[in-house]
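For reference, the structure is listed below as C-alpha cells.
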There are 2 protein chains.
Amino acid sequence: MSINTIFEALSHPVRRKVLALLKSGPMSAGDLAGHFDISRPTLSVHFAKLKEADLVAVERQGTSLIYHLNTSVLEQALADVLSLKEQDK
Amino acid sequence: MSINTIFEALSHPVRRKVLALLKSGPMSAGDLAGHFDISRPTLSVHFAKLKEADLVAVERQGTSLIYHLNTSVLEQALADVLSLKEQDK
DNA sequence: ACACTAATTAGTTGTTTTGCTAATTAGTGT
DNA sequence: ACACTAATTAGCAAAACAACTAATTAGTGT
C-alpha cells in the first residue's frame, strides 16, 4: 500500500469528511450519502478510492454495504508524515 | 489557514519530498532544485503551494530564497487529522 | 546603466480528477 | 420469474492540476 495512494485518498474534502463520519462508527453507503449533497454514484467513486488506499473496509449486510474506518492505516500514514518519510516517490 | 489548503499541499509527492528535505534544515530554492528532475519554474509553483499552506516560510538571503520547514503547522495539521476534524468543508 | 545569477510569474498544453446521468450488479421478498 | 431497494460501474463533459518554455522581477557586482 503506497503512501501516495493514501495521500491521494486524503486529498479530497469529501473523502476526509467520510473518514470523519466513520470515526464515530461503521455506516452504510446510504447513511453516509445522507450527509452529502453530491450524487450517490459520485460518492461511490470516493468510497472506492478510500477502499483502494485501505483507509476503509467494506462488509455486506443484506442489501447494504457497511463501511468501517481502518484506523491503523490512517494512523500509520500520519506517523509516516510526522517523520516525513517517503516509501516511494 | 484551512486544513483543505494543507491537505492539497501535502497531496503531491514532490511537495512531500520538499518537506522531507527541509526537515534536516533550511535550504535555498536552488539547492532544493538539485534534488529533483523537474524544471525550476515547476518546482517554484510547488514551493508556492507549500507557502500558501504555511507549511514553509521563506526568507531572502541576497539573491537566494531560503525555505524553512514550518514544523508546528505540519504537526498541528496531523493532529487535526488524527482527530479527523474538518474546520471547513 | 549593464551584465549576471536566482527565482518567480505568465501563458499554454496535456493529463488527471470530479461529477453527472444511464446502465448494471446484488440481495430480499412476493 | 418479477419487482423493489441498495449500491456500484460505465461513459462522457467540465474543471482542476502539473509540466513546459518564455518573460519578468529582484539582488549583486562592475
Side-chain angles (χ1 to χ4, degrees), chain A residues 2-22 25-70 86 88-89, chain B residues 2-22 25-70 86 88-89:
Chain A
S2 126
I3 199 163
N4 282 357
T5 308
I6 294 172
F7 269 99
E8 155 64 25
L10 288 173
S11 73
H12 196 286
V14 164
R15 291 190 290 264
R16 290 198 303 278
K17 186 171 173 185
V18 169
L19 295 179
L21 287 166
L22 291 179
M27 282 176 89
S28 71
D31 287 346
L32 284 166
H35 291 81
F36 296 89
D37 281 340
I38 61 183
S39 75
R40 273 148 182 274
T42 295
L43 206 40
S44 202
V45 174
H46 285 303
F47 296 156
K49 289 190 178 167
L50 290 170
K51 215 175 358 178
E52 191 196 340
D54 206 31
L55 285 165
V56 301
V58 206
E59 165 207 14
R60 183 173 277 282
Q61 206 164 91
T63 97
S64 292
L65 292 179
I66 311 294
Y67 284 91
H68 304 252
L69 179 61
N70 208 336
E86 293 280 324
D88 48 17
K89 50 125 192 332
Chain B
S2 123
I3 201 164
N4 281 355
T5 309
I6 294 173
F7 268 99
E8 154 65 25
L10 288 172
S11 73
H12 197 285
V14 164
R15 292 192 289 265
R16 290 199 303 276
K17 186 172 173 184
V18 169
L19 296 179
L21 288 166
L22 291 179
M27 284 176 89
S28 71
D31 287 347
L32 283 166
H35 291 82
F36 296 89
D37 282 340
I38 61 183
S39 74
R40 272 145 183 277
T42 296
L43 206 40
S44 204
V45 174
H46 285 304
F47 296 156
K49 288 190 180 170
L50 289 170
K51 214 174 0 176
E52 192 196 339
D54 207 30
L55 285 165
V56 300
V58 205
E59 165 206 14
R60 184 173 277 282
Q61 206 164 91
T63 96
S64 292
L65 292 179
I66 311 294
Y67 284 92
H68 303 253
L69 179 60
N70 210 337
E86 294 279 325
D88 47 19
K89 53 129 185 330

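Note that these values count all heavy atoms, side chains included, but never hydrogens, waters or copies made by symmetry. Every chain is numbered from 1, with letters handed out A, B, ... down the list of sequences.
Between C:dT17 and A:His46, no contact under 4.0 Å exists linking OP1 or OP2 to a side-chain N or O. Put simply, A:Ser39 has no side-chain N or O that comes within less than 4.0 Å of OP1 or OP2 on C:dG19.
Rounding to the nearest 0.5 Å gives a distance of 10.0 Å between OG1 of B:Thr5 and CG of B:Asp54. A:Lys51 NZ to A:Asn70 CG: the interatomic distance, rounded to the nearest 0.5 Å, is 13.0 Å. Atom CG of A:Leu21 sits about 13.0 Å away from atom CZ of A:Arg16, to the nearest 0.5 Å. Rounding to the nearest 0.5 Å gives a distance of 10.5 Å between NZ of B:Lys17 and CG of B:Leu32.
With DNA chain C read from its 5' end, the first of the two nearest nucleotides for A:Gly62 and A:Ser11 is the one closest to A:Ser11.
With rounding to whole Å, B:His12 atom NE2 is found 11 Å from C:dT16 atom P. Between A:Phe7 atom CZ and C:dT17 atom P there is a gap of 16 Å when expressed in whole angstrom units. Counting to the nearest Å, the C1' atom of C:dG19 and the CD1 atom of A:Ile38 are 8 Å from each other. Counting to the nearest Å, the C1' atom of C:dT18 and the NZ atom of A:Lys49 are 7 Å from each other. If you take CD of B:Glu59 and P of D:dG27, they are 14 Å apart, rounded to a whole angstrom.
Sorted by first and then second residue, the salt bridge (Lys or Arg N to Asp or Glu O under 4.0 Å) pairs involving residues 27-46 of chain B (not counting sequence neighbours) form an empty list.
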Map every base of DNA chain D to its dot-bracket character, where paired means a Watson-Crick or G-U wobble contact with both distances under 3.5 Å and | marks a partner outside the strand.
-> ||||||||||||||||||||||||||||||
Table please: side-chain donor-acceptor pairs of residues 41-49 of chain A below 3.5 Å, with sequence neighbours left out.
from	atom 1	to	atom 2	distance (Å)
A:Thr42	OG1	A:Ser39	OG	2.9
A:His46	ND1	A:Arg15	NH1	3.0

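Heavy atoms only, all atoms of each residue included: B:Met27 and B:Leu22 are closest at N-CD2, 3.8 Å.
Counting only distance, with no hydrogens or angles, the side chain of B:Ser2 and the backbone of B:Asn4 share a donor-acceptor pair below 3.5 Å.
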Per-nucleotide protein contact along nucleotides 1-16 of chain D, 5' to 3', at a 4.0 Å heavy-atom cut-off (B base, S sugar-phosphate only, - neither), is -----SSBB-------
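A search for side chain to side chain donor-acceptor pair (under 3.5 Å) contacts involving A:Glu59 returns A:His68, not counting sequence neighbours.
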